[in-house]
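All remarks here apply to the structure that follows.
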2 protein chains.
Amino acid sequence: MPEQTKKENVVTLSDSGTLSDRVCNQLKEDIITGRLEQGAKIKEEELARVHGISRGPLREAIRRLEGMHLVQRIPHAGARVVTLTRKMMSDIYRVREALEGMSARLAAENMSAEEIEALWELLESHEKNIEKTDGKVYFQREGDVDFHFRIAQASGNDWLIHHLSSELYQLIRMCRYRSALHPSRPVNALAEHRHIVEAIAAGDGELAELLMRRHISGAWQIVKDLLPRESHD
Amino acid sequence: MPEQTKKENVVTLSDSGTLSDRVCNQLKEDIITGRLEQGAKIKEEELARVHGISRGPLREAIRRLEGMHLVQRIPHAGARVVTLTRKMMSDIYRVREALEGMSARLAAENMSAEEIEALWELLESHEKNIEKTDGKVYFQREGDVDFHFRIAQASGNDWLIHHLSSELYQLIRMCRYRSALHPSRPVNALAEHRHIVEAIAAGDGELAELLMRRHISGAWQIVKDLLPRESHD
DNA sequence: TTCCCCGCTTTTGTTGACAATCCATCCTCA
DNA sequence: TGAGGATGGATTGTCAACAAAAGCGGGGAA
């Protein structure tokens, strides 16, 4: 299944749609995983040459990345990879708290029995992954995103789904690639995820929201201490 | 000062920055005000000719509008102006409820005495405008956006500020241009705005959030009945 | 020595032409 | 007569060359 996923990604990245879409996804991953480091200047000609395309599609890709807040652009002066400041991350986690809290509440109200069952299975597979990898890598990075993504999906609110999965989660992932997470966190997170699913299964939206907010707030407490110190603020 | 502002706007729209930025703003207004009607197909060549530019910058502008959810694009099949469905508006108002509730709470915690004073003045000027125009046009369309915009600004959360003002408010404006608002609404809204400012001035974040959520929820109740009926859903 | 101005290089913004794709229409054949 | 495929037109995707602006480095003057 991991190979399946990987292959699908490769296909998605290499032959789907337009050059612009392709290179946009590629750049997105490069930025998130740190291959393109924060604050790096983006030179159109160079990047275009590296990716084997012309500057036209590349510029369109950059405009889209700009919309996702992965690059910042100044007219006539070029674009740079966004720099995740402490404040920016703090702002994002706060908003995420509100949005995912809402998401959990709606999920509790809307989710079908089958979907809840699938959630349980997801958690089980996460648990196995933690055992396998000794709780270090897999779960933190993508597994957690999976979980939150499914709950967002279940909310049924398209705006919520889109902004959580297309914007916030990307920045969260970026933040994680920048600062390796605390080793003991996955186990705690898994327990918290369980409680959230329990609340959802019970149809208790209020509790689900509360637990989700607390879960994210706790995550921020952990993450913020791992963020590299900044000279100013 | 109004003339100053106006002139600045004109300059911003007519000669600032790149062609792409200019035409992007122009198209944004065209879409919001309905000059480009919902669901209309966007033909690149035609639009480029109309705006007197080439297709390159126009395509970049469209990519940005796509990021703002003002147009929807399908690869190789072109872009269309977004169609505001009932569900989409409902989703947006729900999210707005959470986001602006949070915004009001943060504003209550952060706003300085001067900013609060400025808010009061804004409300007074709105009241005068209502008297002048008999409560019909000005306040509903831009005045209300002004009020919410200022509170978002006061939250100090950049993500909140950006998404409320650059995305949600645009769609709200678009919705309003589509369905003329209920005449009696501005007076009610003004009273609600007053109560919110009172809570903010008292530093009562919890109350400010509650009142703001109720305010927006009430607005949705009014708006939804005015939305044109849809055949499906 | 330090500051400012000028010209050069680099990089971004813009354009028009070319290639690939899709859509609609019409023609053919069962 | 209807279905299916081919063909032509329209539209989007891509490219490479041109124009304009910003950053730079050197030289001269106070």
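Here the structure is a predicted model, which means the values were calculated and not measured. Every chain is numbered from 1, with letters handed out A, B, ... down the list of sequences.
Judged by distance alone, with hydrogens and angles left aside, the side-chain atoms of B:Tyr169 form a donor-acceptor pair with the main-chain N or O of B:His148 at under 3.5 Å.
At a threshold of 4.0 angstrom between heavy atoms, the contacts of A:Leu47 with the nucleic acid are absent. Counting non-hydrogen atoms under 4.0 angstrom, B:Ile42 reaches the backbone sugars and phosphates but no base.
As rounded to whole Å, 14 Å separates atom P of C:dG13 from atom CZ of B:Arg22. The nearest whole Å value for the distance from the CG atom in A:Asp21 to the P atom in D:dT12 is 15 Å. Between the C1' atom of C:dT12 and the CD atom of A:Glu45 lies a distance of 11 Å, rounded to the nearest Å. Whole-Å rounding puts the B:Arg73 CZ to C:dT21 P distance at 15 Å. In this structure, CZ of B:Arg59 is placed 16 Å from P of C:dG16, rounded to the nearest angstrom. Distance A:His51 NE2 to D:dT14 P: 14 Å, rounded to the nearest Å. Remark: C1' of C:dT15 and CZ of B:Arg49 are 16 Å apart, rounded to the nearest angstrom. The distance between atom CD of A:Glu60 and atom P of C:dG13, rounded to the nearest whole Å, is 14 Å.
A donor and an acceptor atom, one from each side chain of B:His126 and B:Asp146, are nowhere located under 3.5 Å apart.
Contact between the side-chain N/O atoms of B:Lys41 and the OP1/OP2 oxygens of D:dT12 is found at a separation under 4.0 Å.
Evaluation of the ring-ring contact (aromatic ring centres under 6.0 Å, His included) rule for B:Trp120 yields no partner, not counting sequence neighbours. With sequence neighbours excluded, no residue satisfies side chain to side chain donor-acceptor pair (under 3.5 Å) with B:Gln72.
We find that A:Arg59 and A:Glu44 are joined by a salt bridge, their nearest charged nitrogen and carboxylate oxygen being less than 4.0 Å apart.
Ring geometry, A:His193 versus A:His215: the interplanar angle exceeds 60°, so the pair is classed perpendicular (tilted spans 30 to 60°).
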Please list, pair by pair, any protein nitrogen or oxygen found under 3.5 Å from a nitrogen or oxygen in nucleotides 15-22 of chain D.
{"residue": "D:dC15", "atom": "OP2", "partner": "A:Ser54", "partner atom": "N", "Å": "2.9"}

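A distance of 10.5 Å separates CG of B:Leu58 from CG of B:Leu19, quoted to the nearest 0.5 Å.
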